[in-house]
Amino acid sequence: MQKVLQEDDVVHIGYDVFQVSGSNTNWVIIKDGDSCTLVDTGYPGDHDALLASLDAVGLSPRSVVAVLVTHAHNDHIGSAERLRLACDAPVLMHHEEVPHARRIHLNQVSTGQVLAQAWRPGVIPWAVHALRAGGKAHVPVLAPQALPAMDALDLPGAPVPIHTPGHTAGHSAYHLPDRGIPITGDALVTAHPTSRRSGPQLLHDMFHTDRSRALDALEAIELVDAEVIAPGHGPAYRGLPKEAVALVRTRAEK
Ligand SMILES: [Zn+2]
Ligand SMILES: [Zn+2]
């Protein structure tokens, strides 16, 4: 099932930074002239929408200098390998995420875990959509590269990786200090089909490799100086990371 991009799926959240809503997952385009850094790539079924989103901001696949990956779940790396091959763009991630992206192992919610939660509102529709969008497709990144450093990368937007393990071992957020925007992937989201809440929150427990580490990792996001957060799922949050993290912690206790 291919997602068709709608006009309001591309949101300008900061200077030359565009958050794009895929069929359920976001990706971010950080533009610098006629080139860009792309953070995450949506589901495999979001491929056409991804290309359309580049076009919508005046770019082409050849504009992609690098693909940064928050983590290697299918809904975030669905087109990473296709872009690597088509654009000759490196696919970069925290070194602990590299074997996951190559599918040496897979840290993903199991069918049994999903079925155990099937009584919850939203879980079955989410699972049906995830399957249709390629959530269980085999889409490894064949030549993933470890981030060269955990400080500002020499890429459009000069993103700074922040290791935020827990959702997966090598999960990384990327902060854009010049634009005041951290891109938090699945370390902090603002909505999800399996949640009835809106606003800053953790994904449901079943989605995390290590939930207590995911809670601890919020400390790194809390410290960031910013006024907007670009999450992996849900709309951008306009407010201070400190406030967003406080909300996540309060909700995580309930
Ligand atoms: Zn994930
Ligand atoms: Zn996700």
Side-chain angles (χ1 to χ4, degrees), residues 3 9 19-28 38-47 49-50 67-80 91 93-94 96-103 105-111 113-114 117 122-123 125-141 144 161-174 182-195 197-215 217-218 221 229-237 248 252:
K3 151 99 181 172
D9 288 334
Q19 178 175 306
V20 186
S21 310
S23 60
N24 173 24
T25 311
N26 302 324
W27 57 87
V28 177
L38 181 65
V39 181
D40 286 346
T41 66
Y43 275 106
D46 291 345
H47 186 71
L50 177 60
V67 178
L68 294 181
V69 167
T70 59
H71 67 297
H73 283 154
N74 268 24
D75 57 328
H76 297 258
I77 63 159
S79 288
V91 180
M93 61 198 73
H94 187 272
E96 288 188 56
E97 202 66 9
V98 166
H100 192 204
R102 293 178 65 204
R103 292 294 183 255
H105 60 80
L106 178 60
N107 292 333
Q108 186 174 268
V109 64
S110 68
T111 305
Q113 284 174 302
V114 172
Q117 301 295 333
V123 171
W126 164 79
V128 168
H129 169 266
L131 281 175
R132 286 189 179 157
K136 288 244 174 201
H138 186 58
V139 287
V141 181
I162 305 171
H163 189 208
T164 41
H167 181 67
T168 62
H171 189 289
S172 276
Y174 296 95
I183 299 161
T184 57
D186 285 2
L188 186 156
V189 304
T190 60
H192 194 264
T194 60
S195 168
R197 288 199 169 113
S198 61
Q201 58 192 288
L202 282 187
L203 287 168
H204 186 275
D205 299 2
M206 68 178 166
F207 292 117
H208 303 296
T209 305
D210 184 335
R211 183 177 182 272
S212 74
R213 272 189 102 192
L215 270 170
L218 293 169
I221 295 171
I229 293 174
H233 299 270
Y237 173 79
V248 177

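We number each residue from 1, following the sequence as shown. All ligand and atom numbering here is 1-based and tracks the order in the structure. Both backbone and side-chain heavy atoms feed into the values below; hydrogens, waters and symmetry mates do not. Just so it is clear, the model here is predicted, and its values are computed rather than measured.
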Can you tell me if an N/O/S atom from His71 lies under 2.8 Å from the Zn ion (ligand 2)?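 Under 2.8 Å: His71 has no N, O or S contact with the Zn ion (ligand 2).
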Any N, O or S atom of His73 closer than 2.8 Å to the Zn ion (ligand 2):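 Under 2.8 Å: His73 has no N, O or S contact with the Zn ion (ligand 2).
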Tell me whether His167 has at least one N, O or S atom under 2.8 Å from the Zn ion (ligand 1). yes
Distance (rounded to the nearest 0.5 Å) between Leu106 CG and Asn74 CG: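 So the gap between those two atoms works out to 7.5 Å.
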Measure the OH-CD1 distance between Tyr174 and Ile162 for me, rounded to the nearest 0.5 Å. 10.5 Å
Taking side-chain hydrogen bond (donor to acceptor under 3.5 Å, both in side chains) as the criterion, tell me which of Thr41, Asp186, Thr168 meets it with His76.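 It is Asp186; the other options fail the test.
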So, Gln201 and Ser195: side-chain donor and acceptor under 3.5 Å apart, yes or no?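 Side-chain D/A pair, Gln201 to Ser195: present.
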What N/O/S atom of Asp75 gets nearest to the Zn ion (ligand 2)? OD2
Of the N, O or S atoms in Asp186, the one nearest the Zn ion (ligand 2):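 Checking each N, O and S atom of Asp186, the shortest distance to the Zn ion (ligand 2) belongs to OD2.
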Compute the ring centroids of Phe207 and His73, then answer whether they are less than 6.0 Å apart.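 Distance test on ring centres: not under 6.0 Å, no.
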